[in-house]
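Since the structure comes first, as structure tokens, the remarks are kept for the end.
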Amino acid sequence: MARRNVLIIGAAGRDFHNFNTFFRDNPDYRVVAFTATQIPDIDGRKYPPELAGANIYPDGIPVYEQNDLGKLIRELNVQDCFFSYSDVAYAKVMSLASVVQAAGANFMLLGPGETMLRSTKPLISVTATRTGCGKSQTSRKVVELLTQMGLKVVAIRHPMPYGDLNAQKVQRFAEIADLKKHKCTIEEMEEYEPHIVRGNVIYAGVDYEAILRAAENDPNGCDVILWDGGNNDMSFYQSDLSIVVADPHRAGAEGAYYPSEVNVRLADVVVINKIDTSGPEQIQEVRNNIARINPKAVIVEAASPVRVEDPDLIRGKRILAVEDGPTLTHGEMKIGAAS
């Protein structure tokens, strides 16, 4: 039986993970291309043969711009397109499905049963209903609490592989020098450095099974794995405790964005963050949506105050504020913390 030609619609994260976990050694499919969006300058690259499997993909797998999707489906004789990125409104997902189907292909989604890996250690995941909800600070707080209990916690961050994918297969960050060693972008440093300065070890990269096994056997020890999610993507790992962060500034996203609703349905705990800057109507709307989608979830309210550790360093001075890009772009927030 001939392999089915597959195109993975992605954004340099979930797409590579879906390939690694479901397609890489699957005799029924041949991935002929990835498409890319959300990430600047990523099209024109290749998923390298060393990661894809040199026997089946000796030349690697090309990455194209998503704008060429319909044309690519026809030219590459694609039969199945697998949507593989996050933080997308339901209407946009179905519009993309229409492009795929009009070009003659099937529009498909992979679920947790095919893509979530099981750890040998207890694992807590922190995900969200949109990018910019406050996952990272929640993750650090969870690590802090577990560390106070005497547990060795190793964090694993959702991927941001924008450089040499082979070199980024498995990355370990335990010292500030590791940021330079791995040629991190500003976006990566923003996520990794707060863990490092607190004495936490954090992993990231491309191959998340290899990353998980390295984290479980970290030289500093590991009692618990903490998944620090990205955007509003689902966890790459099966969770023993699933914490989902919601943002009342974007009330309603819980049931209107992909995969926000999946995360809420999987949640053991939903943290309604930013209650200090949101109105009571917005907070209640999020509460109502959580109760409708997952009435068994425990709801925790949290504030997210903006603080400067040493105000004297900036008092009376002109300040350049650098906002979180994803929160204001595909996260659709009008203002950020620095505003």
Side-chain angles (χ1 to χ4, degrees), residues 14 85-94 109 111-112 116 122-146 158 191 226-307 323-324 326-339:
R14 163 64 61 178
Y85 64 96
S86 55
D87 222 10
V88 186
Y90 281 167
K92 187 173 180 180
V93 174
M94 292 313 299
L109 294 166
M116 282 187 177
L123 190 141
I124 298 172
S125 64
V126 178
T127 60
T129 58
R130 296 300 307 276
T131 188
C133 284
K135 296 180 303 295
S136 296
Q137 66 204 52
T138 304
S139 295
R140 292 192 293 269
K141 185 63 177 180
V142 171
V143 173
E144 178 186 325
L145 293 172
L146 293 172
H158 188 274
E191 298 295 343
L226 188 286
W227 169 257
D228 185 352
N231 279 352
N232 67 343
D233 202 359
M234 295 175 282
S235 172
F236 287 10
Y237 304 130
Q238 295 180 37
S239 306
D240 297 293
L241 176 66
S242 172
I243 300 172
V244 177
V245 186
D247 183 356
H249 287 285
R250 289 167 286 178
E254 308 80 39
Y257 281 74
Y258 178 81
S260 304
E261 186 174 344
V262 179
N263 286 336
V264 174
R265 289 183 180 277
L266 292 173
D268 298 301
V269 178
V270 178
V271 177
I272 303 178
N273 197 17
K274 307 181 187 177
I275 63 167
D276 51 328
T277 56
S278 301
E281 297 85 0
Q282 297 169 301
I283 296 168
Q284 189 59 48
E285 182 180 349
V286 175
R287 275 188 164 273
N288 292 343
N289 288 335
I290 295 166
R292 173 179 56 83
I293 296 169
N294 182 358
K296 295 182 179 179
V298 174
I299 297 177
V300 177
E301 292 187 352
S304 188
V306 178
R307 297 192 182 102
E323 282 288 10
D324 179 63
T327 303
L328 302 181
T329 54
H330 59 269
E332 301 170 323
M333 284 284 286
K334 300 302 181 186
I335 62 170
S339 301

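Worth knowing before you read on, the calculation uses all heavy atoms, side chains too, and leaves out hydrogens, waters and symmetry mates. The first residue of the sequence shown is numbered 1, and numbering continues consecutively from there.
- The salt bridge (charged side-chain N to carboxylate O under 4.0 Å, His left out) analysis of residues 231-240, with sequence neighbours excluded, yields the pairs R14-D233, R118-D240.
- Residues meeting the side-chain hydrogen bond (donor to acceptor under 3.5 Å, both in side chains) test with Q282, sequence neighbours left out: none.
- Listed by chain and residue number, nothing satisfies the side chain to side chain contact (heavy atoms under 4.5 Å, CB included) test with A256 (two or more places apart in sequence, or in another chain).
- The shortest heavy-atom contact between S304 and Q137 is OG-NE2, 2.9 Å.
- For the side chain to side chain contact (heavy atoms under 4.5 Å, CB included) test, residues two or more places apart in sequence or in another chain that qualify with N288 are Q284.
- Taking the salt bridge (Lys or Arg N to Asp or Glu O under 4.0 Å) definition, one finds that D276 meets it with nothing, sequence neighbours left out.
- Evaluation of the side chain to side chain contact (heavy atoms under 4.5 Å, CB included) rule for R265 yields E261, I293 as partners, not counting sequence neighbours.
- Remark: K141 engages E144 in a salt bridge (Lys or Arg N to Asp or Glu O under 4.0 Å) (not counting sequence neighbours).
- Partners of R140 according to the salt bridge (Lys or Arg N to Asp or Glu O under 4.0 Å) rule, which considers only residues two or more places apart in sequence or in another chain, do not exist here.
- Counting heavy atoms from C-beta outward, V269 and V244 have side chains that stay 4.5 Å or more apart.
- Under the rule for a side-chain hydrogen bond (donor to acceptor under 3.5 Å, both in side chains), E285 has no partner lying at least two apart in sequence or in another chain.
- Using a cut-off of 4.0 Å between Lys/Arg side-chain N and Asp/Glu carboxylate O, E301 and R287 are scored as salt-bridged.
- For T127, there are no side-chain hydrogen bond (donor to acceptor under 3.5 Å, both in side chains) partners at least two apart in sequence or on another chain.
- For D228, the salt bridge (Lys or Arg N to Asp or Glu O under 4.0 Å) test picks out no residue, with sequence neighbours left out.
- The minimum heavy-atom distance linking T129 with C133 is given by the pair OG1-SG, 3.7 Å.
- In this structure, the side chain to side chain contact (heavy atoms under 4.5 Å, CB included) partners of N294, at least two apart in sequence or on a different chain, are V264, A267, K296, A297.
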